[in-house]
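Below, chain A is the first sequence line, B the second, and so on; all start at residue 1.
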Protein chains: 2
Amino acid sequence: MSTMPEENTRTRPRHAIGFVARRTGIPPDLLRAWERRYGVVEPGRGPRGRRLYSDADVERLTLLRRAVDAGRRIGDVAGMDNAELAALVEEDRRVMVERPGRPAGASPPPGTSAQAGAYLDAALAAVAALDHVGLVEVMDEAAVALGRRALRRELIAPLLERVGEDWYGGRLRVAHEHLLSAVLRGVLEPMHRDASLPETAPRVVVTTPAGELHELGALMAAAAAVERGWRVVYLGPNLPAEEIAGAARQAAARAAALSLVANPGNAQTANELRRLRRLVGKDLAIYVGGAAASSYDSVLDELGIVRVNGAEDFPAPPADL
Amino acid sequence: MSTMPEENTRTRPRHAIGFVARRTGIPPDLLRAWERRYGVVEPGRGPRGRRLYSDADVERLTLLRRAVDAGRRIGDVAGMDNAELAALVEEDRRVMVERPGRPAGASPPPGTSAQAGAYLDAALAAVAALDHVGLVEVMDEAAVALGRRALRRELIAPLLERVGEDWYGGRLRVAHEHLLSAVLRGVLEPMHRDASLPETAPRVVVTTPAGELHELGALMAAAAAVERGWRVVYLGPNLPAEEIAGAARQAAARAAALSLVANPGNAQTANELRRLRRLVGKDLAIYVGGAAASSYDSVLDELGIVRVNGAEDFPAPPADL
DNA sequence: GATACTTTGACAAACAATGGACAAGGTGTT
DNA sequence: AACACCTTGTCCATTGTTTGTCAAAGTATC
């Protein structure tokens with residue numbers, strides 16, 4: 001579509017081999033070997049015969065490195081075109097760490113303050129450096145400076161998005177993402193420990209359905225629910241419908257909140273939702289949110305489940321009784 | 001356009017045997033043996049006679065491995081078609097639920113104080129009642145009263161064991177276990193945030209290998225490591241060997257600590273350990289612990305990996321340099 | 001001279017294929 | 001109980017291929 005053959009920034013060669021090596025994590029020797037043996041890319045040449053790689057080349061090399069990291073053999077993937085390669089890498093990633101489908105581009109930080117922006121930069125730097133302690137320090141400071149609400153909206157949410165993007169662009173690895181998850185869990189978990197709520201406040205069970213391992217959405221939801229006046233029973237991720245139903249019954253909960261991120265539109269999750277509705281009957285309110293939630297809209301409709309757009313829209317508890 | 005009968009991505013052979021082995025958890029030798037003896041799949045061949053498996057092959061092999069894991073004999077299930085197999089696996093799964101390997105009876109609380117015993121009872125009651133807030137209160141009080149070390153030894157470790165037993169005996173449900181996990185994570189995570197350690201303290205990367213979803217052992221290890229004077233880079237659970245190696249390299253870590261709880265003696269985990277050792281070379285110390293660790297003893301020996309008995313035995317960092 | 005790049009050739013490890021062997025555990029027969 | 005037999009996962013030897021890395025020798029730039 002945008003393929004003016006010349007002049008295109010994507011295809012204009014300009015990166016030297018050392019730069020590309022650092023950027024992709026592939027040593028120069030190996031870059032040359034891959035080119036020599038499999039013709040993996042065809043970089044242009046500078047005046048003295050030096051290799052000059054285009055952005056498109058870098059992109060393709062990043063995909064190849066990911067495929068190899070996932071356990072593929074370079075000879076098996078070297079011949080694939082970029083589309084095929086991208087599909088392969090995406091699939092491998094799903095299996096390796098259960099972490100899924102491109103989130104349907106959450107909204108970019110809207111009214112982010114300059115202050116939050118500075119924390120965001122500092123946090124990103126700490127993640128990139130795998131600096132656990134530094135990241136915790138940034139989050140603690142930000143928590144004090146911004147308050148809970150802004151912390152979630154202006155720091156944590158954009159941070160998750162940026163790290164996701166950077167991973168996708170090959171600048172970060174899965175390990176960075178895990179580090180962030182671990183720290184954020186530590187930051188978010190205390191938020192729903194709020195014991196100041198009356199014993200009689202309506203309860204909500206917060207979890208993710210079986211097959212859905214990503215917990216951060218659930219933690220954000222739990223923190224938001226506390227602020228709305230719910231008493232939260234937090235159950236962690238990956239719980240079968242029977243367990244959710246049993247817990248809701250035992251806790252005398254008025255609602256269940258589920259976060260859906262992985263595998264948009266997958267059949268197992270839809271079935272879990274159906275089973276849950278059947279097990280709990282019509283009286284329990286069920287809320288779902290998360291990047292993948294909208295892909296289940298038809299099922300949600302059929303089951304009378306409410307879709308929540310972002311943690312800030314978490315419903316207030318019913319006033320009756 | 002995607003429905004050309006050939007050209008179909010599901011049936012086009014493209015996965016090398018090593019990759020399939022990792023993906024399915026079936027070692028290469030066994031893959032070949034199953035093919036030779038039962039014709040379980042018919043992979044295509046690459047130009048030099050190398051096996052290339054299709055997505056459909058991988059799917060079928062995964063089903064077969066699940067059936068075998070559930071106690072079926074390969075000879076009995078090898079002839080079934082995929083639909084039959086899927087039904088069988090689904091049925092078996094319902095029976096076994098999700099039985100994590102029986103822990104090899106961790107030591108009963110040795111010198112437990114009466115005080116800790118009271119906290120233990122209170123904590124168990126809160127878990128049984130799904131009382132999130134109450135459980136947090138008990139843990140917070142206990143943390144102050146007992147101190148970190150005794151908290152781990154005399155409360156958290158026995159608590160995990162008791163809940164595990166009660167769950168196994170049907171007195172508690174998965175939801176109770178998850179509630180406990182979530183709260184304990186909140187308690188343990190701050191323990192390795194200790195910023196008082198010098199920037200130059202030797203670093204240890206703490207995580208669990210791919211396939212191992214249980215995080216609490218890793219958290220206990222992280223907390224113990226901090227007390228021993230390590231600077232901890234905590235990466236959460238379920239990380240492939242490449243990622244662990246990459247993170248250790250980037251963090252300039254002196255050691256990696258892994259917690260193993262699920263599926264004692266399983267092949268995937270053993271392979272992950274082997275790959276990790278290969279990727280990091282001989283210079284990085286690797287520690288493993290957890291209920292399932294002893295079932296890998298021969299592998300650990302072969303790889304020069306140190307088995308740690310309980311978080312209290314976590315090794316001190318090397319004094320050299 | 002130090003640095004960054006080029007080409008070519010070489011090499012050790014890791015990986016894969018075939019076919020055979022074997023031990024541990026289960027099944028069946030007497 | 002003892003026995004032979006089958007099943008199954010693992011291991012080995014041998015051969016060959018693939019792949020990451022290294023070294024040598026040369027060139028341009030600062």
List every contact pair, protein side and nucleotides 24-27 of chain D side both N or O, where the distance is under 3.5 Å.
none

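Within the 3.5 Å criterion, the main-chain N or O of B:Val261 finds a donor-acceptor partner in the side chain of B:Glu212. Looking at A:His15, its side chain never comes within 3.5 Å of a backbone N or O of A:Val58 through a donor-acceptor pair. Without hydrogens or angle criteria, B:His178 side chain to A:Pro237 main chain gives a donor-acceptor distance under 3.5 Å.
Nucleotide D:dT19 holds its P atom 16 Å from the CG atom of A:Leu31, rounded to whole Å. Residue B:His15 contributes atom NE2, which lies 14 Å from atom P of C:dA16 at whole-angstrom precision. One interatomic measurement links the two molecules: CD of A:Glu35 to P of D:dG20, which rounds to 15 Å at whole-angstrom precision. Atom CZ in A:Arg65 sits roughly 17 Å away from atom P in D:dT19 (whole-Å rounding). For the pair B:Ile26 CD1 and C:dA16 P, the interatomic distance rounds to 15 Å; values are reported in whole Å.
Nucleic acid contact for B:Arg45: sugar-phosphate only, since backbone atoms but no base atoms lie under 4.0 Å from a heavy atom of the residue. Within the nucleic acid shown, B:Arg274 has no heavy atom closer than 4.0 Å to any nucleic acid atom.
With salt bridges taken as basic N to acidic carboxylate O contacts below 4.0 Å, none links B:Glu272 and B:Arg22. The pair B:Arg23-A:Glu91 counts as a salt bridge, with a side-chain nitrogen and a carboxylate oxygen less than 4.0 angstrom apart.
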Generate the contact string for nucleotides 6-11 of chain D. Rules: B means base contact, S means sugar-phosphate contact only, - means no protein heavy atom under 4.0 Å. -SBBBB

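When the salt bridge (Lys or Arg N to Asp or Glu O under 4.0 Å) test is applied to A:Arg32, the partners found at least two apart in sequence or on another chain are A:Asp29. When the salt bridge (Lys or Arg N to Asp or Glu O under 4.0 Å) test is applied to A:Glu243, the partners found at least two apart in sequence or on another chain are B:Arg173. Residues passing the side chain to side chain donor-acceptor pair (under 3.5 Å) test with B:Arg65 are B:Asp69, sequence neighbours excluded. Qualifying side-chain contact (heavy atoms from CB on, under 4.5 Å) partners for B:Glu84, counting only residues two or more places apart in sequence or in other chains: B:Met80, B:Asp81.
One finds a side-chain N or O of A:Arg32 lying less than 4.0 angstrom from the OP1 or OP2 phosphate oxygen of C:dT6.
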